[in-house]
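Residue numbering restarts at 1 for every chain, and letters A, B, ... go by the order of the sequence lines. Quick caveat: nothing in here was measured; it's all calculated off a predicted structure.
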There are 2 protein chains.
Amino acid sequence: MQAKNQARSTCPISFALEIFGDRWTLLVLRDLLLRGRRRYRELLRSEEGIATNVLADRLKRLERRGLIRKLRDEADGRQFVYAATPLAISLVPMLIEMIVWGARSDSGSDVDPAFIARFETDREGLIAEIQAEVRRSNGLA
Amino acid sequence: MQAKNQARSTCPISFALEIFGDRWTLLVLRDLLLRGRRRYRELLRSEEGIATNVLADRLKRLERRGLIRKLRDEADGRQFVYAATPLAISLVPMLIEMIVWGARSDSGSDVDPAFIARFETDREGLIAEIQAEVRRSNGLA
DNA sequence: CTGTATCCTTAGGGATACTG
DNA sequence: CAGTATCCCTAAGGATACAG
């Protein structure tokens, strides 16, 4: 008896939603990919106030799905860090589009205008830079 | 006493998730924006099998949020159609990125390779074309 | 520090019957 | 056709105490 979720469709959006179609997963990925948070406690203290059990659950799911890996901190062997895999890093373009959409749609958002300007004029470069930064910080694990 | 959801953050991703951070909303938007489904019954018979009450609820939320409008069908005054607003249409780039990510990540997805090829070589054109098609079909309401 | 374990409550959502 | 209205049940998720 294989794990049978819920009648998997062949639609890629449906597939994506299986991974981050909930209220918390994408916020964790945001913190990992765009805010350089790599430790449990860092992820825990995000503005939205995720609960400890929920965070633990999301980290496990993301690891099972191959979006993150849990590594021992090289600087301090007693600590752990979560590193984004290439699969997660390839999600950056979508996250950027979501940020830009949200920033344009919500007057109450606090996105740096320089970020939007950069997006308008050099989308590819912006994405490449963010992805490079994640890879770099992964290397420093 | 204003409607107070849940400690709104100023993050645009958080904002976006308030609108479509669940298992169904984005599928409805997919059908409206990318599959030309405009009627209740059309939206209802998507492969994922949304329940009638859930669909009705999502359509109301989307209308309240300004992503769709419910219009009388001009061809048949007794029927209704749901039309994507510019706000929803501006979500197309993000949806496209999600599709491409899902298609690349899921071997079981059934995305047309020609779609991916077009994305690789002419992303802007592809997006513009899809958006134009939605606007056109809205005009025909 | 990095989580587990519990408890408890609510929202989400499937099934289905029904209505204008 | 285009939804409403229920019923019912489970999964999601807060709060908090505890553990390695």
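The only member of A:L43, A:L26, A:I50 that meets side-chain contact (heavy atoms from CB on, under 4.5 Å) when paired with A:D31 is A:L43.
In this structure, CG of A:L17 is placed 17 Å from C1' of D:dA12, rounded to the nearest angstrom. Look at CZ on B:R58: it is 9 Å from P on C:dG14, rounded to the nearest Å. Rounded to an integer number of Å, the gap from B:I50 CD1 to C:dT16 C1' is 16 Å. Computed from coordinates, the A:L26 CG to D:dA12 P distance equals 17 Å when rounded to whole Å. Counting to the nearest Å, the P atom of C:dA11 and the CG atom of A:D22 are 18 Å from each other. Rounded to whole angstrom, the span from the CG atom of B:L43 across to the C1' atom of D:dG3 amounts to 13 Å. Protein atom CZ of A:R23 is 13 Å distant from nucleotide atom P of C:dA11, rounded to whole Å. Atom-to-atom, CD of A:E18 to P of D:dA11 comes out at 16 Å; the value is rounded to the nearest Å.
In this structure, B:A103 and B:V111 approach most closely via the heavy-atom pair CB-CG2, 3.6 Å. In plain terms, the two heavy atoms of A:L87 and A:S90 that are nearest each other are O-OG, 2.7 Å.
Taking 4.0 Å as the cut-off between side-chain N and carboxylate O, A:E97 and A:R123 count as a salt-bridged pair.
Taking 4.5 Å as the limit, every side-chain heavy atom of A:E18 sits out of range of all side-chain heavy atoms of A:R61. Using a 4.5 Å heavy-atom cutoff, the side chains of B:L67 and B:L32 are not in contact.
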Any chance you could lay out the salt bridge (Lys or Arg N to Asp or Glu O under 4.0 Å) test for A:E63 and A:K60, step after step, and finish with the verdict? CA-CA 5 Å; A:E63 194 171 16; A:K60 267 180 201 143; over 6 Å; no

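Applying the 4.0 Å criterion to OP1 and OP2 of C:dA11, one finds that B:W24 has every side-chain N and O outside that range.
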Determine, for nucleotides 1-6 of chain C in 5'-to-3' order, which nucleotides have protein heavy atoms under 4.0 Å from the base (write B), from only the sugar-phosphate (write S), or from neither (write -). SSBBBB

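Applying the ring-ring contact (aromatic ring centres under 6.0 Å, His included) test to residues at least two apart or on different chains, none of the pairs has a partner in residues 24-83 of chain A.
Rotation axes derived from the C1' atoms of the five outermost pairs at either end of the helix from C:dC1-D:dG20 to C:dG20-D:dC1 lie 50° apart, to the nearest 10°.
Using modelled atom types, one finds a donor on one side chain and an acceptor on the other under 3.5 Å when comparing A:R37 with A:S46.
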